[in-house]
S.K.: 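First the structure, then my questions, so here it is.
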Amino acid sequence: MRYLRSVAALAAILTVSALQAALISPIAGSLPVSLPAVLVACVALADGAAVGMTFGFIAGLIADLGSSHPAGVLALTWTCLGVVCGMAATARSLREDVLTAATGVALTGAASSVLLAVVHSGGASTWGAIRDLAPCWVVAAALSCALVPLTRAFLNNSALRAAHPVLNEVRVVNRG
């Protein structure tokens, strides 16, 4: 991974975390909608499971360390989100990627709520996770409509793309 790509990833995580705190959380209220989780899904859909897993873990860990619930819940669930969305990534249409990201984010939000209910943290409940699944999916789909094309554009930028070696000649060795 190039240095510039790492800096851009960290800047993206911090930016969407700030937007989550300033805009999304006050608007969403008690819904477990997460803009950083949408970004994890979009990055995984664009670059695959390995990048999605790494990006999800780092974004989740940063979000965990900035919250009051036990550390590791979001890191675990967003890592799984990155892997699953990355494995679902193929050269597909924008609409399919938006639906995949929204579904992954809604299920991840429900899984996070269930994990928090298991560790008795933050007033989360299993019933609340089930009740909020459909509204969370709708909001995640709306956020994905904006982030999927934006993420594709950034990740396809030649300045952020890792250099791939180009072989111009093939060596033939005669071992006779």
S.K.: Could you walk me through whether His69 and Val119 pass the side-chain contact (heavy atoms from CB on, under 4.5 Å) check?
M.R.: CA-CA 9 Å; His69 64 265; Val119 296; over 6 Å; no

S.K.: For the CG atom of Leu107 and the OG1 atom of Thr77, what is their distance to the nearest 0.5 Å?
M.R.: 11.5 Å

S.K.: Looking only at heavy atoms, what is the nearest atom pair of Leu45 and Cys85, with distance?
M.R.: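 So the minimum-distance heavy-atom pair works out to CD2-O, 3.4 Å.
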
S.K.: On a heavy-atom basis, which atom in Ala59 and which in Val40 lie closest, and how many Å separate them?
M.R.: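 Looking at all heavy atoms of both residues, the shortest contact is CB-CG2, 3.9 Å.
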
S.K.: How long is the span from the CG atom in Leu76 to the SG atom in Cys80, to the nearest 0.5 Å?
M.R.: 5.0 Å

S.K.: Quick check: is Leu94 connected to Leu150 through a chain of hydrophobic side chains (ILVMFWY, heavy atoms under 4.5 Å apart)?
M.R.: no

S.K.: May I ask you to test the Leu99-Trp137 pair for a side-chain heavy-atom distance under 4.5 Å?
M.R.: yes

S.K.: I'd like to know whether Leu61 forms a side-chain contact (heavy atoms from CB on, under 4.5 Å) with Trp78, so could you lay out the CA-CA distance, the side-chain angles of the two residues, the decisive distance to 0.1 Å, and finally the verdict.
M.R.: CA-CA 9 Å; Leu61 188 60; Trp78 292 359; over 6 Å; no

S.K.: Are Leu81 and Val16 connected in a single hydrophobic cluster, I mean Ile/Leu/Val/Met/Phe/Trp/Tyr linked by side-chain heavy atoms less than 4.5 Å apart?
M.R.: yes

S.K.: Taking a hydrophobic cluster as the set of Ile, Leu, Val, Met, Phe, Trp and Tyr residues connected by side-chain heavy atoms closer than 4.5 Å, whether directly or through intermediates, do Leu14 and Val51 fall within one such cluster?
M.R.: yes

S.K.: Without swapping roles, check the side chain of Thr126 against the backbone of Val114 for a donor-acceptor pair under 3.5 Å.
M.R.: no

S.K.: Which heavy-atom pair separates Pro149 from Ser144 by the least distance, and what is that distance?
M.R.: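 Closest pair (atom of Pro149, atom of Ser144, distance): CD-O, 4.1 Å.
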
S.K.: Where is the tightest heavy-atom contact between Gln20 and Pro36, given as atom of each residue plus distance?
M.R.: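 Looks like OE1-CD, 3.6 Å.
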
S.K.: Do the non-hydrogen side-chain atoms of Thr15 and Leu19 ever get within less than 4.5 Å of each other?
M.R.: yes

S.K.: Determine whether Val148 and Val38 fall in the same hydrophobic cluster, where Ile, Leu, Val, Met, Phe, Trp and Tyr are linked whenever their side-chain heavy atoms lie under 4.5 Å apart.
M.R.: no

S.K.: Find the distance between CG (Asp97) and CZ (Arg152) and round it off to the nearest 0.5 Å.
M.R.: 4.5 Å

S.K.: What heavy-atom pair brings Val105 and Ala140 nearest, and what distance separates the two atoms?
M.R.: CG1-CB, 3.8 Å

S.K.: When you look at Leu10 and Ser6, which way does the side-chain contact (heavy atoms from CB on, under 4.5 Å) test go after all the steps?
M.R.: CA-CA 6 Å; Leu10 184 60; Ser6 300; over 6 Å; no

S.K.: As a test of understanding, state which of Leu116, Leu65, Asp64 forms a side-chain contact (heavy atoms from CB on, under 4.5 Å) with Leu74.
M.R.: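 Only match with Leu74 under side-chain contact (heavy atoms from CB on, under 4.5 Å): Asp64.
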
S.K.: Quick one: side chain to side chain contact (heavy atoms under 4.5 Å, CB included) partners of Val33, sequence neighbours excluded?
M.R.: Ile24, Ala28, Leu31, Cys136, Val139, Leu143

S.K.: Check side chain to side chain donor-acceptor pair (under 3.5 Å) between Thr79 and all other residues, then give those that pass, not counting sequence neighbours.
M.R.: none

S.K.: Group every Ile, Leu, Val, Met, Phe, Trp and Tyr by side-chain heavy-atom contacts under 4.5 Å, then state whether Phe154 and Ile58 land in the same group.
M.R.: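 Same cluster.
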
S.K.: Determine the minimum heavy-atom distance between Ala46 and Leu155, stating which atoms define it.
M.R.: CB-CD1, 3.6 Å

S.K.: Going by the rule side chain to side chain contact (heavy atoms under 4.5 Å, CB included), which residues pair with Val83 if we only count those two or more places apart in sequence or in a different chain?
M.R.: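 Scan of Val83 (side chain to side chain contact (heavy atoms under 4.5 Å, CB included), adjacent residues dropped) gives Met53, Met87.
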
